[in-house]
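Report on one structure; see the data block that follows.
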Amino acid sequence: MSAEHEHTVPIRRWATTKDAAAHICVNPEVLRRWNRNRDKYPWLPRPKRVGKDFRWDLNALDAALEAREEP
């Protein structure tokens, strides 16, 4: 089987809250607030907890921002 026929899975890109916020051009506190207020921001993907910190899947975050509908 050639490489062009193989199924490829996108590589997940993980980032800290600070780096994820910079990636989407918002202040880290904005991302934290969105995460705390899930009822207002249901489109936001859930981060993974690593110890006391969060790690955000940048692919999921990008997809959620592209797909969300503005009120």
Side-chain angles (χ1 to χ4, degrees):
M1 182 185 282
S2 68
E4 64 186 314
H5 294 292
E6 291 180 22
H7 178 69
T8 59
V9 176
I11 296 174
R12 287 181 143 187
R13 301 173 299 151
W14 295 97
T16 63
T17 299
K18 181 180 175 182
D19 291 337
H23 178 76
I24 61 171
C25 301
V26 298
N27 187 291
E29 190 52 41
V30 170
L31 190 55
R32 289 184 190 100
R33 185 173 3 116
W34 288 351
N35 191 43
R36 285 191 303 266
N37 297 310
R38 290 245 157 228
D39 55 326
K40 286 183 163 181
Y41 309 99
W43 53 267
L44 187 69
R46 292 196 180 274
K48 299 260 185 206
R49 185 176 287 278
V50 178
K52 63 179 183 168
D53 300 318
F54 287 118
R55 294 294 185 269
W56 297 84
D57 181 341
L58 295 181
N59 297 344
L61 194 54
D62 287 341
L65 285 169
E66 289 174 13
R68 79 177 176 158
E69 295 180 19
E70 292 294 330

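All values below come from the heavy atoms of this structure, side chains included, with hydrogens, waters and symmetry mates left out. Counting begins at 1 with the first residue of the sequence.
Counted by atom type alone, N59 and R12 present zero donor-acceptor pairs between their side chains at under 3.5 Å.
Within the 4.5 Å cutoff, the side chain of D53 has no heavy atoms near those of the T17 side chain. In this structure, the side chains of W14 and L58 stay at 4.5 Å or more apart for every pair of heavy atoms. With contacts defined as side-chain heavy-atom distances shorter than 4.5 Å, the pair L65/H23 does not qualify. Inter-residue side-chain proximity for R55 and T16 is flagged as met; some heavy-atom pair is nearer than 4.5 Å.
The side-chain contact (heavy atoms from CB on, under 4.5 Å) test applied to R49 returns F54, not counting sequence neighbours.
Taking all atoms of both residues into account, the shortest heavy-atom contact from L31 to A21 is CD2-N, 3.8 Å. Closest heavy-atom contact between P45 and A64: CD-CB, 3.6 Å.
Residue pairs meeting the salt bridge (charged side-chain N to carboxylate O under 4.0 Å, His left out) criterion with at least one member in residues 30-39, sequence neighbours excluded, are E29-R32, E29-R36.
Distance check: I24 CD1 to W56 CH2 gives 8.0 Å after rounding to the nearest 0.5 Å.
Note: W43 and W34 have perpendicular aromatic rings, judged against thresholds of 30 and 60 degrees for the angle between ring planes.
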